[in-house]
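Here's the structure we're looking at; comments come further down.
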Amino acid sequence: MRPVKDAERAILAVVAAVPYGRVTTYGAVAERAGWPRRARLVGRVLSALPDDSDVPWHRVVAAGGRIAFPAGSAPHLRQAGRLAGEGVEVRAGRVDLARHAWSGGGDLDRYLWGDGEN
DNA sequence: CAAATGACGGGGT
DNA sequence: AACCCCGCCATTT
């Protein structure tokens with residue numbers, strides 16, 4: 001089994017667990033998915049998502065709360081718009097992580113690695 | 001097969 | 001804050 005496939009599964013599970021109105025970073029997702037220092041891999045996986053995907057990719061931002069897409073680009077505006085729609089304030093292409101960052105938490109770890117399956 | 005690329009991150013200037 | 005540079009690594013040139 002190609003390792004990167006496993007990573008993809010875990011990464012998507014983590015992103016899917018980010019609550020409405022909260023955000024997290026590529027690095028944090030990688031860490032949480034069990035692939036420390038693989039932030040780029042997270043970006044790669046998200047870039048492959050179909051447009052109709054239910055995965056809340058817009059809740060994932062770069063380090064420091066910065067939106068990873070070039071300012072003014074279509075994807076950038078799309079992400080900023082979705083975040084604003086959830087009550088997350090986006091200013092100068094970035095969000096205040098201190099205020100909106102997702103603290104992981106909950107039953108995610110058990111869901112991923114916990115007892116028995118998955 | 002070597003070099004470039006990118007939805008990244010961190011440190012230094 | 002704004003850059004620049006380098007480490008990182010799967011993919012694509």
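If you measure from atom CZ of A/Arg37 to atom C1' of B/dG6, you get 19 Å, rounded to the nearest angstrom. Regarding A/Tyr26, its OH atom lies at a distance of 24 Å from the P atom of C/dG7, rounded to whole Å. When rounded to the nearest whole Å, the span between CD of A/Glu8 and C1' of C/dC9 equals 16 Å. Rounded to an integer number of Å, the gap from CG of A/Leu41 to P of C/dC8 is 16 Å. One interatomic measurement links the two molecules: CD1 of A/Ile11 to C1' of B/dC8, which rounds to 12 Å at whole-angstrom precision. To the nearest angstrom, P of B/dA7 lies 16 Å from CG of A/Leu77. Computed from coordinates, the A/Leu83 CG to B/dA7 P distance equals 18 Å when rounded to whole Å. For the pair A/Ile67 CD1 and B/dG6 P, the interatomic distance rounds to 20 Å; values are reported in whole Å.
When atom types are taken as modelled, the side chain of A/Arg38 and the backbone of A/Ala30 share no donor-acceptor pair closer than 3.5 angstrom. In this structure a side-chain-to-backbone donor-acceptor pair under 3.5 Å is missing from A/Arg82 to A/His58.
Picking from B/dG10, B/dA7, C/dT11 the nucleotide with the shortest atom distance to the side chain of A/Arg44 gives C/dT11. Considering only side-chain atoms of A/Arg38, the nucleotide from C/dT11, C/dC9, B/dC8 that sits closest is C/dC9. If you check C/dG7, B/dA7, B/dG9 against the side chain of A/Trp57, the one that comes closest is B/dA7.
Within 4.0 Å of A/Arg94, counting heavy atoms only, lie sugar-phosphate atoms of the nucleic acid but no base atom.
In this structure, A/Glu89 and A/Arg99 have side chains that are in contact, with non-hydrogen atoms separated by less than 4.5 Å.
One finds the CZ atom of A/Arg94 at 14.0 Å from the CG atom of A/Leu83 (value rounded to the nearest 0.5 Å).
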